[in-house]
Amino acid sequence: MPHLIDCEIVMHQEIAPEHFRLVLRGPEIAREAKAGQFCMLEVQAGLYPFLRRPMCFERIFPDSFAIVYRVQGEGTRLIAKMRVGQTVNVQGPLGKPFPLRREFEHHVIVAGGIGVAPFPALAEALIRECGAVPEVIVAARTADQLVCEQDFRQMGCKVHLATDDGSAGYRGFASDLLRELGLQENSVVYCCGPMAMMKATHLVCEAAGALCLASLEAEMACGDGVCLGCVVEANVEVEAERMVRVCTDGPVFDTRLIQWESY
Ligand SMILES: Cc1cc2nc3c(=O)[nH]c(=O)nc-3n(C[C@H](O)[C@H](O)[C@H](O)COP(=O)(O)OP(=O)(O)OC[C@H]3O[C@@H](n4cnc5c(N)ncnc54)[C@H](O)[C@@H]3O)c2cc1C
Ligand code: FES
């Protein structure tokens, strides 16, 4: 069962324009959280904004956890105003984590924009639990939107940068850069970012025979499988439906399970 607890803000820093890292003390959640899972933050006590906002665990510590977020709309604008010492009500951990696939030799992380959020925790888990140091592609529109690069470098990961405008690293899409890394059947790719980028990543992996695991985004209301607000179309039947719920069946999916045509 996920916990529902008040967590104290122990750190809150702007790490890039409109991008923040928030560290929350919440031992019950931190002790159970795994890379790829997420939590739901209450933006403000009371009725507005009504819905909690889903956020991945960027780092998991013994008694606390970090979230990296981009200001998107009203909810994240309010979160950005929160101060150290304040408390936030948090529900979590929710969803299924990234499976740690020890049998693969080549682990590659592909992060698009704020889709980088779950990956410092995943890289740490792969290194600690599988002895596998992943290669990481960090992609964004422009150089100033690239976040977490140094975190991966400090862990010893080989980092490749890609920007749409060429202001840092490779000029172009993360999926084109991924193709150049020479994926094989012993490669597993973990990706998160805009749906179009994850579709392109899925296609590159499919062509190379590599396994692709994606953390999907969807608008969420309940976060625990009830409202069906977060469904995406699937290629296979799950409980007599060709739909999966991102909150409870995911957010991490083998990309072969997802119907990518409409993206
Ligand atoms: C499992 C999961 C993990 C996520 N992890 C992160 C993270 O670590 N860092 C981060 O910056 N963002 C993350 N997001 C996206 C983040 O939840 C949205 O950007 C945020 O909810 C937007 O809220 P807002 O009020 O600022 O924006 P608004 O656009 O004003 O939000 C309005 C409503 O739409 C929903 N909504 C809008 N955009 C999204 C979206 N892209 N995904 C889900 N709900 C949305 C909001 O919950 C809210 O109910 C995650 C989303 C999911 C589903
Ligand atoms: S958010 Fe309600 S079912 Fe997924």
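The residues of the chain are indexed from 1 along the displayed sequence. Both ligands and their constituent atoms are indexed starting at 1 by order of listing.
- Side-chain contact, Tyr190 with His107: a donor N or O sits under 3.5 Å from an acceptor N or O.
- Between Arg242 and Asn235, the side chains place no donor N or O within less than 3.5 Å of an acceptor N or O (distance only, hydrogens not considered).
- Side chains of Met220 and Phe38 form a contact here, defined as non-hydrogen atoms less than 4.5 Å apart.
- Considering every non-hydrogen atom in both Val43 and Leu51, the closest pair reads CG2-O, 4.4 Å.
- Residues Phe20 and His12 bring their aromatic ring centres within 6.0 Å.
- Between Asp151 and Arg21, at least one side-chain N (NZ, or NE/NH1/NH2) sits under 4.0 Å from a carboxylate O, which counts as a salt bridge.
- Each of Phe38, Leu51, Arg53, Pro54, Met55, Cys56, Val68, Tyr69, Arg70, Gln72, Gly73, Glu74, Gly75, Thr76, Ile114, Ala117, Glu217, Ala218, Glu219, Met220 has a non-hydrogen atom positioned under 4.0 Å from some atom of ligand 1.
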Practice task
List the steps and the verdict of side-chain contact (heavy atoms from CB on, under 4.5 Å) for Met198 and Leu216.
Solution key: CA-CA 8 Å; Met198 291 196 280; Leu216 302 194; 3.8 Å; yes
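- Each protein N, O or S atom less than 2.8 Å from atom 2 (Fe) of ligand 2 was counted, giving 2.
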Practice task
Please test Leu178 against Val108 for side-chain contact (heavy atoms from CB on, under 4.5 Å), starting from the C-alpha separation and ending with a verdict.
Solution key: CA-CA 9 Å; Leu178 178 66; Val108 186; 3.9 Å; yes
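- Between His106 and Glu135, the side chains place a donor N or O and an acceptor N or O closer than 3.5 Å (distance only, hydrogens not considered).
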